[in-house]
Number of protein chains: 2
Amino acid sequence: MSFSITEENYIKAIFHLQQGEGTVSTNELAAELHTKAASVTDMLKKLKTKKLLSYEKYKGVRLSGEGKKLALAIVRKHRLWEYFLVDTLQFGWDEVHEVAEELEHISSKKLVEKLDAFLGYPKFDPHGDPIPDSHGKMAVQQHINLIDLPVNKPAEVSGVGSQSTELLELLKHKHIGIGTRLEIKRKFSFDNSIEIKLKNQNAFTISQQLAQALFVKLM
Amino acid sequence: MSFSITEENYIKAIFHLQQGEGTVSTNELAAELHTKAASVTDMLKKLKTKKLLSYEKYKGVRLSGEGKKLALAIVRKHRLWEYFLVDTLQFGWDEVHEVAEELEHISSKKLVEKLDAFLGYPKFDPHGDPIPDSHGKMAVQQHINLIDLPVNKPAEVSGVGSQSTELLELLKHKHIGIGTRLEIKRKFSFDNSIEIKLKNQNAFTISQQLAQALFVKLM
DNA sequence: AATTATTTTTAGGTAAATCTAAAAATAATT
DNA sequence: AATTATTTTTAGATTTACCTAAAAATAATT
Ligand SMILES: [Mn+2]
Ligand SMILES: [Mn+2]
Ligand SMILES: [Mn+2]
Ligand SMILES: [Mn+2]
């Protein structure tokens with residue numbers, strides 16, 4: 001069975017929204033996909049008949065086994081292409097997401113496997129997100145939110161919480177990327193801003209919003 | 001302005017059919033695109049309002065300057081991706097066309113330019129067809145049809161006349177590819193078959209149909 | 001030149017994916 | 001518990017890209 005680009009985008013969005021137990025609501029999906037709730041309802045009915053998800057009206061939606069499998073295949077392609085764009089073609093890590101949104105829908109199975117082999121079976125994409133292998137398995141990241149990092153504990157940036165151009169542009173300006181070493185010097189409870197110090201640099205303050213968008217692992 | 005995948009496929013098909021002077025007919029296009037004449041008429045009206053072509057009813061169609069520019073951009077992407085698949089990912093030259101049919105619609109301009117640079121600005125794709133550069137210029141091939149090659153003139157295969165799996169499978173079996181050196185030993189007028197001899201191999205006979213699907217350049 | 005065959009266009013309709021507006025169900029407040 | 005607010009679904013349209021069948025234009029034969 002094959003699926004349209006639109007259907008694939010719905011499956012991927014549900015996959016990203018259904019963290020853990022809960023069910024995904026129609027409105028959440030509408031927001032994520034920049035569409036209207038009525039359109040989402042239509043598509044959920046259709047994807048249900050294709051057995052990609054379980055859905056009862058007014059009760060929200062969850063992916064089926066088949067749905068998860070498809071979602072992982074799309075995420076795998078997205079992240080492999082991002083890795084290719086940064087590693088092979090020298091794109092900046094902040095300019096690959098949109099391109100990968102298109103490339104993730106290229107259907108050739110053989111292409112994905114050959115690309116993976118060419119890249120050397122990378123485990124993480126340029127934003128620190130794990131790349132599912134050909135069986136859908138991916139490394140579990142034990143990284144924590146920067147906001148929860150204790151003061152004076154050396155850590156390394158390992159992921160970002162969003163792919164927005166705005167965030168990535170800010171990180172570029174502050175010279176923060178995946179792999180950047182830093183530690184927290186102070187936390188200010190007034191606005192939850194924190195003072196961080198990058199390795200071999202002066203300390204500076206970043207906002208709560210920025211700290212929450214960064215993930216780090218202890219060293 | 002941006003165009004749908006369907007629109008791009010129409011523009012590319014017209015480009016390939018309008019060799020030289022003539023105008024392209026509705027039926028030719030319908031055959032090429034595996035669709036019906038009525039659908040073609042609908043689309044031609046639409047593409048005319050977008051100024052990609054000139055079209056008067058019952059008179060056939062030709063691309064405008066804008067249309068040619070778009071067609072060359074698509075052909076460029078198609079052939080660069082084919083080169084990438086064969087050269088970088090080790091695909092066989094007979095298995096890349098379908099994949100490139102999808103990849104040619106990826107929109108990022110930057111991606112094309114970076115890919116071109118990564119590949120070393122190749123001039124010809126794996127089937128011997130010239131790759132347009134970023135300005136739409138491409139090398140003129142002075143290759144001739146194998147059927148027109150004089151007897152006992154050493155030549156080198158430089159192109160194929162079709163991308164069909166059937167043809168490429170036959171060529172693979174006969175160990176003929178781009179760059180293969182050969183010469184014609186005899187021509188049989190009964191069925192227009194020709195006897196060819198590959199470098200360092202015994203001679204064998206090939207059909208008129210196969211000879212017409214091969215292009216060679218003299219050495 | 002008239003007839004016949006072929007090509008091309010028009011007319012009308014379908015399916016996918018979207019939308020707005022109204023109705024129905026569920027959740028939150030008083 | 002009743003009212004109000006929010007979420008979600010249905011109803012009905014729209015757009016794109018198709019299709020079939022019939023009409024119109026052009027080309028080929030007699
Ligand atoms: Mn991404
Ligand atoms: Mn990513
Ligand atoms: Mn091709
Ligand atoms: Mn080619």
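Note that the structure is a prediction, hence the values are computed from the model and not measured.
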Does any nucleotide pair with dT10(D) by Watson-Crick or G-U wobble geometry, both distances under 3.5 Å, and what is it?
-> dA21(C)
Find the distance Leu33(B):CG to dC19(D):P and express it as a whole number of Å.
-> 10 Å
Expressed in angstrom and rounded to an integer, what is the separation of Tyr55(A) atom OH from dA25(C) atom C1'?
-> 12 Å
Of the listed dA25(C), dT18(C), dT20(C), the closest approach to the Asp42(A) side chain comes from dT18(C)
Should the ring pair His127(B) and His97(B) be called parallel, tilted or perpendicular, given that the plane angle runs from 0 to 90° and is split at 30 and 60?
-> perpendicular
Is the shortest distance from a Lys or Arg side-chain nitrogen in Arg76(B) or Glu113(B) to a carboxylate oxygen in the other one below 4.0 Å?
-> yes
Between dC19(C), dT7(D), dA25(D), which one does the side chain of Ser39(A) approach most closely?
-> dC19(C)
Specify the separation, in whole Å, of atom NE2 of His34(A) and atom C1' of dC19(C).
-> 17 Å
Could you please name the partner base of dA5(C), counting Watson-Crick and G-U wobble pairs only when both distances are under 3.5 Å?
-> dT26(D)
Looking just at side-chain N and O atoms, do Ser193(B) and Asp191(B) make a donor-acceptor pair shorter than 3.5 Å?
-> yes
Reckon Thr41(B) touches a base, only the sugar-phosphate, or nothing at all at heavy-atom distances under 4.0 Å?
-> base
Glu56(A) CD - dA25(C) P separation (whole Å) = 15 Å
Would you name the heavy atoms of Ala211(B) and Leu146(B) that are closest together and state the gap between them?
-> O-CB, 3.4 Å
Is it the case that Glu102(B) and Ser108(A) place a side-chain donor and acceptor less than 3.5 Å from each other?
-> no
Side chain to side chain donor-acceptor pair (under 3.5 Å) between His78(A) and Asp125(A): does it pass, once the steps are laid out?
-> CA-CA 9 Å; His78(A) 183 104; Asp125(A) 85 359; 5.8 Å; no
Identify, between Ala37(B) and Met43(A), the residue whose nearest nucleotide on DNA chain C lies closer to the 5' end.
-> Ala37(B)
Tyr58(B) OH to dA25(D) P, in whole Å, measures 6 Å
Take the protein atom NZ of Lys36(A) and the nucleotide atom P of dT8(D), then report the distance between them rounded to whole Å.
-> 15 Å
Interatomic distance where CG belongs to Leu44(B) and P belongs to dT7(C) [whole Å] = 17 Å
To the nearest angstrom, how far is Tyr10(A) atom OH from dA16(C) atom P?
-> 14 Å
Looking at dT20(C), dC19(D), dT9(C), which one has an atom nearest to any side-chain atom of Thr26(B)?
-> dT9(C)
Dump the pairs, protein N or O against N or O of nucleotides 3-5 of chain D, anything under 3.5 Å, distances to one decimal.
none

Which part of the nucleic acid, if any, lies within reach of Lys59(A) when heavy atoms closer than 4.0 Å are counted: base, sugar-phosphate only, or nothing?
-> nothing
Between dT8(C), dC19(C), dA24(C), spot the one nearest the side chain of Asn27(B), thanks.
-> dT8(C)
Mate of dC18(D) where both pairing distances stay under 3.5 Å, Watson-Crick or G-U | dG13(C)
State whether Lys57(B) places a side-chain N or O below 4.0 Å from either non-bridging phosphate oxygen (OP1 or OP2) of dT10(C).
-> yes
According to a strict under-4.0 Å criterion, is Thr6(B) in side-chain N/O contact with OP1 or OP2 of dT16(D)?
-> no
Could you tell me whether Lys50(A) sits above the aromatic face of Phe3(A), with NZ or CZ closer than 6.0 angstrom to the six-membered ring centre and within 45 degrees of the axis?
-> no
Closest to the Thr35(A) side chain, choosing from dT26(C), dT18(C), dT9(C) | dT18(C)
Kindly point out which of dA11(C), dA25(C), dT18(C) is positioned nearest to the side chain of Ala38(B)?
-> dA11(C)
How are the rings of Phe118(A) and Phe118(B) set to each other: parallel, tilted or perpendicular (split at 30° and 60°)?
-> perpendicular
